[in-house]
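Reading through the structure tokens given below for one structure.
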Amino acid sequence: EAARALRPENTAVLNNLGGALRANKDFGGAIAVCRKLTELDPKVAEWHRNLGSALSAHGQIDEACGAYRKAIELDPQSADTHYRLGNTLFKKGDTDSAIAEFRRAIDLDSKDAWAHAELGLALFRKSDLSGAIAALQKAIDLDPKVPGAHFNLGLALRRKGDVNGAVAALRGAIALDPKDAGAYNDLGLALSSKGDVEGALAAFRRTVELEPQIAMGHYNLGLTLSDKGEMKAAITSLRKAIGLDPKMAQAYDPLGSALL
């Protein structure tokens, strides 16, 4: 019986092996196992979906899309497969097609917070701010801990001019991940735009503490220090930004002004 279970034709064993290989990031091995499964039983949508996941993780985007589409052909009602295809298309840069797949996934499973979150990000990339905000807020309503939703909602709200909403969303992102330097940086920008200089300074200082090699954090800190009249500290931050990114043209003028 044990010998029979180890035969390549035993799809359950092969499927478990493929999952273990993916978990261990042996994507080449996982792809080989998943291909074997699709050869042994080409009418099982799960095998094609798993192949798509392994191919996508391995960077074989076009092949992954093909595998997901085959899975959808076999099981068109799988919200998860539409979601995964949407993610892969988004990686490929085909945002319009990704949006269509995320919408289809939501049609099939309206409580999928991840699909709403990814739809929101895709709509944000298309500058559909109202659509992005609605989708991201729905994702958070469904699952307040869905990764990236608070941060992306903050970006969309700030771009739309809702600074108070942006501040609240970015604080939500930081509550979920206190080491998110990007969220602190955008929180600083939002606070600065509403005239909260002290709050902005605290956010930018935390940004450069968390990510000292990010030039933009030092640049934003330098600008805010300059606005506050702390020229010596502003010069230090702006010089740090230029040292990290000598091509940051926008940092030279405020540095020059601070040196006068």
Side-chain angles (χ1 to χ4, degrees), residues 1-122 125 135-136 138-149 152 176-177:
E1 188 67 27
R4 179 178 178 275
L6 292 173
R7 290 176 187 170
E9 290 78 10
N10 190 304
T11 55
V13 172
L14 280 176
N15 189 41
N16 290 336
L17 175 59
L21 290 168
R22 288 198 306 277
N24 285 306
K25 300 189 184 304
D26 181 359
F27 299 119
I31 288 167
V33 170
C34 291
R35 286 197 195 283
K36 180 65 176 177
L37 281 164
T38 62
E39 292 166 3
L40 289 170
D41 196 344
K43 294 186 178 181
V44 176
E46 181 184 355
W47 306 158
H48 294 278
R49 182 174 64 246
N50 291 343
L51 175 58
S53 295
L55 287 164
S56 181
H58 201 238
Q60 296 172 240
I61 302 300
D62 288 333
E63 289 184 72
C65 289
Y68 286 137
R69 287 188 171 111
K70 181 62 179 178
I72 288 169
E73 178 186 320
L74 293 165
D75 181 10
Q77 300 305 306
S78 171
D80 181 55
T81 309
H82 285 282
Y83 168 76
R84 294 190 195 196
L85 176 57
N87 267 332
T88 308
L89 289 164
F90 197 38
K91 286 183 187 177
K92 188 181 177 183
D94 187 352
T95 307
D96 289 332
S97 296
I99 288 170
E101 292 301 327
F102 292 139
R103 290 195 191 283
R104 181 59 179 147
I106 291 166
D107 286 342
L108 292 165
D109 181 3
S110 62
K111 295 183 179 181
D112 186 344
W114 289 67
H116 286 283
E118 292 301 317
L119 173 61
L121 177 56
R125 294 280 175 85
L136 290 162
K138 182 64 175 179
I140 293 166
D141 290 343
L142 290 166
D143 180 359
K145 294 184 178 181
V146 66
N152 291 326
L176 290 173
D177 182 2

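All figures in this text were calculated on a predicted structure; none of them were measured in a lab. The first residue of the sequence shown is numbered 1, and numbering continues consecutively from there. Scope of the values below: all heavy atoms of this structure, side chains included, with no hydrogens, waters or symmetry mates.
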Residues R104 and E101 bridged, charged N to O under 4.0 Å: no

Rounded at 0.5 Å granularity, tell me how far CG in D112 sits from CG in D107. 12.0 Å

Rounded to the nearest 0.5 Å, what separation is found between the CG atom of L85 and the CZ atom of F102?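 Rounded to the nearest 0.5 Å, the CG-CZ separation comes to 9.0 Å.
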
Could you walk me through whether I99 and L119 pass side chain to side chain contact (heavy atoms under 4.5 Å, CB included), step by step? CA-CA 6 Å; I99 288 170; L119 173 61; 3.8 Å; yes

Go through the side-chain N and O atoms of S78 and Y83 and say whether any donor and acceptor fall under 3.5 Å apart.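 Side-chain D/A pair, S78 to Y83: absent.
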
Test salt bridge (charged side-chain N to carboxylate O under 4.0 Å, His left out) applied to [X] - qualifying residues, sequence neighbours left out:
X	value
K92	D62
R49	D80
R35	E63

Side chain to side chain contact (heavy atoms under 4.5 Å, CB included) assessment of L121 paired with F90: CA-CA 10 Å; L121 177 56; F90 197 38; 3.7 Å; yes

In chain order, what residues pass the side-chain hydrogen bond (donor to acceptor under 3.5 Å, both in side chains) check against S56, with sequence neighbours excluded?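 Scan of S56 (side-chain hydrogen bond (donor to acceptor under 3.5 Å, both in side chains), adjacent residues dropped) gives K91.
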
Run the numbers on N15 and L37 for side chain to side chain contact (heavy atoms under 4.5 Å, CB included), then give the verdict. CA-CA 7 Å; N15 189 41; L37 281 164; 4.2 Å; yes

Residues which pass side chain to side chain contact (heavy atoms under 4.5 Å, CB included) with S97, listed by chain and number, not counting sequence neighbours: L89, D94

Report, one line per pair, each donor and acceptor closer than 3.5 Å where one atom sits in a side chain of residues 24-31; sequence neighbours left out.
| from | atom 1 | to | atom 2 | distance (Å) |
| --- | --- | --- | --- | --- |
| N24 | ND2 | A20 | O | 3.0 |
| D26 | OD1 | G29 | N | 3.0 |

Run the numbers on L40 and L14 for side chain to side chain contact (heavy atoms under 4.5 Å, CB included), then give the verdict. CA-CA 10 Å; L40 289 170; L14 280 176; 3.6 Å; yes

